[in-house]
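Below, chains carry the letters A, B, ... as their sequence lines are ordered, and counting in each starts from 1. These values consider heavy atoms only, across backbone and side chains, with no hydrogens, waters or symmetry-generated copies.
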Amino acid sequence: MSETITIGVNHITRVEGHGNIKVDVQNGEVKECKLEIVEAPRFFEAMLEGRHFSEAAIITSRICGICSVGHQLASVRATEDAFGIELTKQNHQLKTLLDMGQYFESHVLHIYFLAIPDFIGAPSVFPLVATHKDVVLSALKLKKLGHDIGEMIGGRLVHPISMIPGGFSHLPTEEKLEEILKRIQDAKEELKNGVKLISSLKLPDFERETEYISMYREGEYAFIDGNIFSSDKGEISYKDYRKVTNEYLVPHSTAKRAKFSRHSYMVGALARFNNNYKYLSADAKQAAEDLGLKQKYYNPYMNTVAQLVELIHIVDNSTEIINDMLSKGIKNETPVTPELKECTGVGAVEVPRGILFHEYTYDKNGFITKANCIIPTAQNLQNIEDDMNDIVPASIKTRTKDELTLDLEMLVRAYDPCISCSCHLLNVEFVNE
Amino acid sequence: MSKPKVAFFDFTSCEGCQLSILNLETELLELLDIIDIVEFREAMSEKSDTYDIAVIEGSYSRDSDLKRLRKIRETAGVVVAMGACAHIGGLNALRNSQQREDLLKKVYPDHPEWYETNEKALPISAAIKVDAVVPGCPVDVKEFVHIVKNLVLGKDPGLPTYPVCVECKLNENICVYELGKTCLGPVVRAGCNAVCTSNGGVCIGCRGLIPNPNLNSQKDIMQKYGLDMQRIIDSVNLFMTENAREVQ
Amino acid sequence: MMSTVLEKQATKDNIILGLKKAMAEYEIAALTKKEGKILFDYIDDVNKIELQYTPTVLSPKKFFFPQEEVILEYTMEGKVQAKIDYRKMVLFGVRPCDITGIQILDEAFAESNGDPNYLTKRENSVIIGIDCNSVCDENAFCYKVNSQYPDGGFDIMLHDLGNSYAMTIATEKGELFAEQYFDSGRVDSEAMEEFIRTKERSFEEAGGPFEELENLPEIFAENEHHPIWDSEAERCLSCGSCIMVCPTCYCFDVIDELALSMKIGDRLRRWDACMLRSFAEVAGGENFREEVKNRVKHRINRKFNFLMRKHGKSVCVGCGRCVRSCLADISPVTIVEALTETSRQVRLVEKNNELYLPTKAYIREIVQFTEKEKFFELEMENGKSLNHQPGQFVLLSIFGIGEAAISISSPPSFGNRFDIVVRAVGDVTNKLHTLDVGDFVFIRGPFGHGFDKNIQREMEGKHVLFIAGGIGYVPLRSLINFTLKQKEHYAKISILYGCKSPEDRMYKDELDYISTIGGNVELLETVDSADKSWLKNTGVITSLIPMVKFHPENTIAVVCGPPVMYKFVIKALNDQGLSNENIYVSLERRMKCGVGKCGHCQLDDIYVCQDGPVFRFSDIEEKEEAL
């Protein structure tokens with residue numbers, strides 16, 4: 001490849017949201033290597049101003065369709081934190097299951113629909129219907145499971161209905177739980193086929209160690225409850241999330257960026273894997289081994305693989321939870337009504353793409369005066385750009401322009417970014433209050 | 001006869017409607033027997049310059065949207081607005097009550113000039129003629145399939161003109177007003193099978209008003225059950241800022 | 001029809017056991033709990049049957065006439081077959097109101113053309129009812145239509161005697177079923193008599209049947225224009241709930257659904273409702289029942305008039321479901337009682353301690369309109385809006401002098417100010433004319449029947465013809481300005497204004513402005529006599545009427561002026577083809593209390609301060625004292 005190339009990918013396909021890749025190399029020198037976020041601003045922060053606490057989850061849910069469960073979880077947790085509402089065991093279990101439904105849906109979508117086509121040389125999953133029909137059917141079946149778990153608990157997976165601050169306004173029946181349990185156990189077989197498929201594919205060989213940030217809770221692979229963990233600094237209280245994220249703006253992006261101990265950090269499946277490996281289920285650890293994923297791994301392309309490992313853990317974890325719920329019976333718990341007062345709360349949850357923070361401040365009547373949301377993908381953006389800045393100079397001599405373009409697109413896809421989310425939520429003080 | 005070519009486009013949206021389509025799972029494959037999907041950015045890299053039916057998600061909120069919308073209108077025979085954002089402005093329009101300058105200052109205080117946005121987030125019908133709509137936030141995929149089927153058959157897409165109460169009663173739900181909640185169901189268009197009220201929630205109006213709603217009576221009823229005027233206006237504005245001026 | 005023979009009695013346990021045995025041959029549906037709801041549903045375990053009744057949202061008609069039902073299956077190649085459900089079932093625990101409903105549906109589906117789907121299901125079903133010995137809740141009114149004593153619609157009726165049920169067997173089918181499944185003995189006739197007495201007493205205490213139950217069809221026929229239709233329609237959301245829950249509604253829509261393969265499909269029927277706006281709309285766009293009022297009227301007439309004549313009993317069975325589910329608090333009982341008692345009805349309300357207590361208002365602006373007439377802008381001290389309808393009036397007090405009825409001249413607004421124009425003719429008005437800006441008066445009201453929302457809605461889309469004489473412009477101005485603010489809602493607005501002379505014109509500047517609006521707004525003026533500077537018409541007001549082009553079917557006229565004017569104007573309008581149903585008048589009478597007590601404003605049998613001052617002329621044309 002010549003020493004002067006320009007790469008411009010507008011509206012990368014097979015990612016959620018609108019992003020562009022811009023690379024400019026002149027005579028072997030990298031002049032520009034950027035990930036531009038060009039999503040339309042939607043002003044969610046301004047829309048939350050003055051809204052009632054019962055609407056926070058409904059509104060933030062609409063930041064993103066794929067991540068709507070995640071936003072609702074973080075939102076509800078933040079409101080519960082603000083009003084001092086403790087989670088009952090059942091509430092904790094239902095929220096975890098709902099999160100897992102989301103993981104199923106999201107990880108399967110990413111692995112099979114968004115990422116795999118690259119490895120099989122296809123432009124999308126649709127041509128695979130003719131050549132790899134069983135793979136497509138398997139993927140659809142797994143995705144449907146996630147969908148149905150979400151429907152069972154939340155009323156529907158996209159923009160759930162029954163999760164409200166303090167509990168759930170609609171509960172699943174024991175019959176439905178039994179039915180889902182059986183399908184979750186069947187899913188394990190499908191996932192094992194997935195492991196076989198993925199282990200046969202060749203992923204790009206690239207490593208760059210960075211800081212890995214995820215949730216952490218002693219004794220479990222944390223999803224909806226716990227503190228922050230940095231691979232460099234250790235455990236940090238979830239309430240101190242701002243000290244970790246340190247957001248700042250760049251000109252070519254409608255999304256803010258984050259940094260903590262290094263120039264950038266990574267969140268998501270690989271980060272969770274690196275930080276919480278010891279809490280994975282036995283089968284999940286086995287799958288990791290089969291897939292060549294070691295306890296600490298620095299190849300961002302392996303994020304997709306880590307997602308598959310997580311799915312196996314999730315099958316085991318949700319089996320455990322459902323069995324426990326069935327043995328105790330579903331309790332008719334009505335959601336707790338909060339006692340209104342001036343307060344602030346933080347919700348930190350692990351959603352498929354990484355750790356997500358919502359923080360709200362309420363006035364004495366339960367209306368929002370301040371809101372802040374920090375999205376996993378926003379936290380990843382600088383890390384992606386730093387990866388790109390490593391890959392490009394190293395590849396100038398060895399890859400053609402088309403190959404490098406594909407490498408960069410695949411890199412962005414590997415992070416499973418949710419670009420819509422990443423540029424809608426920023427820290428705002430409503431100065432005219 | 002060849003299958004109609006369908007292309008999906010997204011504007012200012014959360015892409016939840018497109019995601020819901022992908023959630024059709026096996027029915028998606030059946031759908032592919034009667035239509036050809038030639039563009040769907042979220043799921044495929046292929047694109048196409050020609051298509052018969054354009055399905056558009058998202059509102060029209062930037063100048064650059066207008067050119068894209070017009071091009072789509074020129075190319076497609078049938079334009080379908082999918083989801084509340086494209087249909088009635090949706091949640092995006094909640095910010096329409098605030099001035100553009102104020103919004104930019106609030107959200108991007110350091111460099112408001114870097115961000116392109118219009119005064120309001122509008123339904124796409126503000127820019128181009130729309131032939132059919134699939135309402136909802138997100139859309140109900142059964143309804144989406146039903147409408148696509150009807151378009152392929154040349155039938156009127158046919159949306160219910162009656163309110164959510166009909167479907168809520170058909171599901172034999174206890175009316176949420178009896179449970180101490182208020183709900184916009186009596187003035188909002190059915191077709192969602194009353195999914196929210198059937199799952200512990202209330203109707204938040206994502207499908208838009210029915211033709212000729214009795215808003216005065218609805219307001220009186222909501223006040224009778226304890227909401228004050230501001231809260232009533234707030235609840236309508238959540239999704240229907242753009243088509244509910246009559247409430248004021 | 002059947003022999004209501006009371007001959008057996010079985011313990012409750014034996015009844016339940018019998019049902020369990022019957023499950024081998026029948027599907028059993030009964031009252032049961034499911035996900036927090038009480039409803040009639042198929043059960044797989046007889047222990048899940050609820051014997052105590054709580055009113056359900058939907059009636060059990062759904063077992064024979066389901067919410068959605070496939071009636072035909074077809075292939076696109078041309079094969080078609082009817083789809084009929086032959087399953088056998090037992091419907092257990094139905095109450096008398098719903099049983100009466102089923103009896104009515106049995107007749108409806110067998111009338112003229114026998115419906116195979118409904119009738120087959122009924123043939124293959126056994127209906128076992130449980131009798132009620134008291135009213136189930138405050139919304140039920142079965143006793144008002146006597147449906148607590150059904151004379152058909154069931155095979156076996158059970159009467160609760162404590163540990164046992166006495167059985168009334170009504171049909172051969174019931175007899176065979178009871179013999180096969182219910183281990184029974186002789187009836188304890190004393191206990192049964194006690195049951196009958198308790199039931200009678202309980203329903204009598206709740207209230208007896210409607211006073212004129214047998215005559216309801218005639219009463220309904222005579223009261224097509226009763227104001228109750230307007231007042232109920234105003235609140236109606238057309239949400240369809242009342243129909244969905246009704247045991248005797250049976251209208252349905254027919255829809256074709258093709259499978260995605262496009263090769264096979266179904267034709268199905270789904271519950272529909274005449275209360276829904278598009279029910280009577282044809283493909284060309286014409287809607288034969290577009291107004292809410294007409295839909296409400298139609299629905300209630302079906303129950304107490306149209307269908308009552310056919311079935312020989314009230315088709316509303318008084319189950320109370322529509323009352324429970326109506327958010328707008330519309331009830332058949334209110335309507336029947338209103339029509340039965342018509343205008344002689346005495347509606348008793350609680351006392352209002354503040355009925356005669358006025359509120360302070362300040363004069364904010366005064367304009368001398370003519371020699372004898374002044375314009376005042378008043379501001380309520382309490383900051384609240386008068387919240388009036390156009391055409392209403394207030395009672396204005398100047399303490400020590402008295403109180404006078406004055407029309408409100410400004411359109412409705414959220415603010416706390418309003419306009420009046422007052423001619424100095426009496427004590428109060430003369431005194432008012434001596435007051436200054438900043439002085440206060442006291443206000444009661446607003447009172448009267450004005451141009452309310454129903455009338456406003458009636459005018460939408462039509463040609464509105466305002467005809468005002470002299471100071472009669474003042475009360476009309478509140479409506480005129482209201483319509484001008486949204487003139488695009490009307491086909492046309494014509495204002496005809498006549499005065500004695502140009503100096504007598506009210507709101508001169510405003511009139512001049514109105515004549516410049518153009519578009520669908522026109523202003524025609526005339527005076528009896530004037531000098532050369534008057535460039536418009538001269539002559540009486542009726543001379544303007546032929547100058548307006550209007551279509552009588554799409555026009556509403558609104559008339560206000562000196563008493564002598566009405567007769568002539570109405571005649572002129574009638575001559576142009578406008579019927580009295582489409583003419584509104586605003587009348588004046590001597591008023592003192594404003595609340596229908598002191599008697600001064602009586603017009604035949606009504607009070608102008610309560611039923612007026614705005615009247616639809618056809619409603620009062622027969623009254624001797626009207627004009």
Side-chain angles (χ1 to χ4, degrees), chain B residues 3 24 26-35 145-146 148-150 152-153 155-156 158-179 182-188 190 198-200 210-218 220-222 224-225 229 248, chain C residues 34-41 56-59 62 66-68 232-246 253 255-263 265 270-273 275-279 281 283 287 290-292 321-322 324-330 414 453 456-457:
Chain B
K3 296 187 276 184
L24 274 171
T26 43
E27 220 178 338
L28 185 61
L29 298 181
E30 275 177 43
L31 196 60
L32 291 175
D33 281 336
I34 60 165
I35 57 170
V145 171
H146 179 81
V148 167
K149 225 194 316 173
N150 282 350
V152 170
L153 283 169
K155 267 166 97 167
D156 191 275
L159 290 180
T161 53
Y162 47 81
V164 176
C165 293
V166 172
E167 295 180 335
C168 203
K169 288 283 178 295
L170 288 174
N171 287 345
E172 200 154 7
N173 295 333
I174 301 174
C175 181
V176 296
Y177 279 89
E178 282 178 56
L179 303 172
T182 58
C183 166
L184 291 173
V187 291
V188 170
S198 306
N199 281 287
I210 46 171
N212 290 79
N214 189 345
L215 289 171
N216 286 320
S217 185
Q218 177 68 13
D220 288 342
I221 289 169
M222 288 171 98
K224 185 172 68 171
Y225 281 90
M229 200 49 175
Q248 310 281 346
Chain C
K34 198 170 154 194
E35 291 184 40
K37 301 191 255 199
I38 290 263
L39 74 176
F40 283 100
D41 200 3
T56 56
V57 172
L58 293 182
S59 77
K62 61 184 179 173
Q67 293 95 315
E68 195 177 279
E232 300 308 280
E234 197 180 29
R235 301 192 312 278
C236 175
L237 296 159
S238 281
C239 71
S241 295
C242 52
I243 310 285
M244 295 294 128
V245 300
C246 175
D253 197 5
I255 301 144
D256 268 30
E257 278 289 351
L258 265 188
L260 264 178
S261 67
M262 303 291 202
K263 298 211 178 85
R270 199 184 283 159
W271 288 359
D272 206 341
M275 282 300 298
L276 299 178
R277 196 160 178 276
S278 56
F279 186 77
E281 191 178 314
N287 189 331
E290 195 164 355
E291 277 184 54
V292 182
R321 287 188 177 92
C322 63
R324 277 177 221 114
S325 68
C326 180
L327 291 170
D329 294 327
I330 296 172
F414 290 118
K453 294 230 171 66
Q456 291 165 21
R457 217 168 291 140

| query | How close do B/E178 and C/R324 get, heavy atom to heavy atom, and via which atoms? | reply | OE2-O, 4.2 Å

| Distance (rounded to the nearest 0.5 Å) between B/K169 NZ and C/C242 SG | 10.0 Å

| said: When you compare the side chain of B/L153 with that of C/M262, does any pair of heavy atoms fall below 4.5 Å? | reply: yes

| query | Just how far is it from atom CG of B/N171 to atom NZ of C/K37, taken to the nearest 0.5 Å? | reply | 6.5 Å

| task | Would you indicate whether the side-chain heavy atoms of C/L237 and B/P163 approach each other to under 4.5 Å? | result | no

| field | Interface moiety of C/S238 toward chain B, non-hydrogen atoms closer than 4.5 Å | value | backbone

| message | Main chain of B/L170, side chain of C/Q67: is a donor-acceptor contact present, judged purely on distance under 3.5 Å? | response | yes

| message | If we define contacts as heavy-atom pairs under 4.5 Å, which of C/A328, C/S241, C/S278 has the most with chain B? | response | C/S241

| Are B/V145 and C/L260 side-chain neighbours, meaning at least one heavy-atom pair lies under 4.5 Å? | yes

| task | List in chain and number order the residues that pass ring-ring contact (aromatic ring centres under 6.0 Å, His included) with B/Y177, two or more places apart in sequence or in another chain; answer none if no residue qualifies. | result | B/Y225

| task | Compare all side-chain heavy atoms of C/D329 with those of B/K224 and state whether any distance is below 4.5 angstrom. | result | yes

| task | Would you check if C/R235 and B/D220 make a side-chain contact, meaning some heavy-atom pair closer than 4.5 Å? | result | no

| request: Below 4.5 Å from any heavy atom of chain C, which atoms of B/N173 appear? Answer side chain, backbone, both or neither. | output: both

| field | From CE (C/M244) to SG (B/C165), nearest 0.5 Å | value | 10.5 Å

| query | Between C/A273 and chain B, which part of the residue has a heavy atom less than 4.5 Å away: side chain, backbone, both or neither? | reply | neither

| task | Measure the CG-NZ distance between B/N214 and C/K453 for me, rounded to the nearest 0.5 Å. | result | 9.0 Å

| message | Counting C-beta onward and ignoring hydrogens, is there a side-chain heavy-atom pair between C/L276 and B/T161 closer than 4.5 Å? | response | no

| message | If you compare all heavy atoms of C/L327 against all heavy atoms of B/P186, which two are closest, and at what distance to 0.1 Å? | response | CD1-CG, 3.6 Å

| request: May I ask you to name which of B/D33, B/L31, B/N212 has the most heavy-atom pairs under 4.5 Å with chain C? | output: B/N212

| Partners of C/E234 by salt bridge (Lys or Arg N to Asp or Glu O under 4.0 Å), sequence neighbours excluded? | none

| field | Contacting region of C/I243 [heavy-atom separation from chain B under 4.5 Å] | value | neither

| request: Output yes when C/E257 and B/K149 qualify as a salt bridge under the 4.0 Å nitrogen-oxygen rule, no when they do not. | output: yes

